[in-house]
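Structure record follows, encoded as C-alpha cells.
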Amino acid sequence: MKLLIRNLSRSTSEAFVLEMFEAYGKVQSCALVSDKDTGQSKGFAFVEMPNPGEAKAAAKNLNGREIDGSKIRVKRADPKSTDPKPED
C-alpha cells in the first residue's frame, strides 16, 4: 500500500520518515520529494509498505502527529498522485 505523507517540515529527512514508518512494519520504499532545482524538500513524501495492515496502522498512528514542528497528514496515496508528470 502506498501512503502519502503531507505537511512535512522542510528540515525532515528521508531517513527520519523511513524510521518513523519502519516502527510499524516493513517499508518497501520511501521517497521524500524534493525540488529539482534547489534540492530542498517540497514537504511531502511517499512510503510504500507491502503489508496493508501495517500500512493502515502506520497511517492511523502517525496522521496528525507533530514532527519537527509540523503536524503531518498521512493517507493512502491516490493513483493519480503517484503518476509521473510529463515534462514541460
Side-chain angles (χ1 to χ4, degrees):
M1 176 184 286
K2 191 169 239 182
L3 300 171
L4 170 64
I5 302 87
R6 299 189 59 94
N7 203 37
L8 288 166
S9 167
R10 302 290 190 247
S11 64
T12 303
S13 71
E14 186 173 295
F16 186 76
V17 173
L18 177 62
E19 186 179 309
M20 280 193 307
F21 282 84
E22 284 181 331
Y24 295 93
K26 182 174 174 20
V27 174
Q28 186 172 328
S29 66
C30 177
L32 184 66
V33 179
S34 55
D35 183 278
K36 67 178 182 179
D37 294 327
T38 66
Q40 187 170 352
S41 168
K42 286 190 170 187
F44 68 99
F46 292 100
V47 170
E48 194 163 3
M49 299 178 79
N51 182 311
E54 293 172 353
K56 287 176 185 174
K60 180 181 178 187
N61 288 293
L62 294 172
N63 187 46
R65 183 175 287 180
E66 190 168 312
I67 306 293
D68 292 334
S70 294
K71 192 181 249 188
I72 65 169
R73 295 189 318 251
V74 182
K75 68 174 196 162
R76 187 176 190 161
D78 295 328
K80 66 180 178 183
S81 67
T82 62
D83 289 340
K85 291 190 167 88
E87 293 295 319
D88 291 325

Exercise: identify the closest heavy-atom pair between Val74 and Ile72 | CG2-CD1, 4.0 Å
Compare every heavy atom of Leu18 with every heavy atom of Cys30, then report the nearest pair and how far apart it is.
-> SG-N, 3.8 Å
Indicate the atoms forming the closest heavy-atom contact of Met1 with Ala55, along with that distance.
-> SD-CB, 3.7 Å
Below 4.5 Å, heavy atoms only, C-beta onward: do Leu62 and Ile5 meet side chain to side chain?
-> no
Given the rule that I, L, V, M, F, W and Y join up when any side-chain heavy atoms are under 4.5 Å apart, are Leu3 and Phe16 in one cluster?
-> yes
So, Asn7 side chain and Lys71 main chain: donor-acceptor pair closer than 3.5 Å or not?
-> yes
Starting from the C-alpha separation in whole Å, work towards a yes-or-no answer on side-chain contact (heavy atoms from CB on, under 4.5 Å) for Leu4 and Arg76.
-> CA-CA 6 Å; Leu4 170 64; Arg76 187 176 190 161; over 6 Å; no
Side chain to side chain contact (heavy atoms under 4.5 Å, CB included) test vs Asn63 passes for just one of Arg73, Arg6, Lys75, namely Arg73
Please report the shortest heavy-atom distance between Ser9 and Ser41, naming the atom on each side.
-> O-OG, 4.4 Å
Heavy-atom closest pair, residues Leu32 and Phe44 = CD1-O, 3.6 Å
CE/Met49 to NZ/Lys56 distance, rounded to the nearest 0.5 angstrom?
-> 12.5 Å
Side-chain heavy atoms under 4.5 angstrom apart, residues restricted to Ile, Leu, Val, Met, Phe, Trp, Tyr: same cluster for Phe21 and Ile67?
-> yes
Please report the C-alpha distance between Lys26 and Asn51 in whole Å, then the side-chain angles of each, then the deciding distance to 0.1 Å, and finally whether the side-chain contact (heavy atoms from CB on, under 4.5 Å) criterion is met.
-> CA-CA 7 Å; Lys26 182 174 174 20; Asn51 182 311; over 6 Å; no
Side chain to side chain donor-acceptor pair (under 3.5 Å) filter on Asp68, not counting sequence neighbours, yields Thr12
Side-chain (Glu48) to main-chain (Gln28) donor-acceptor, under 3.5 angstrom = no
Residue pair Ser34 / Gly39: nearest heavy atoms and the distance that separates them | CB-O, 3.6 Å
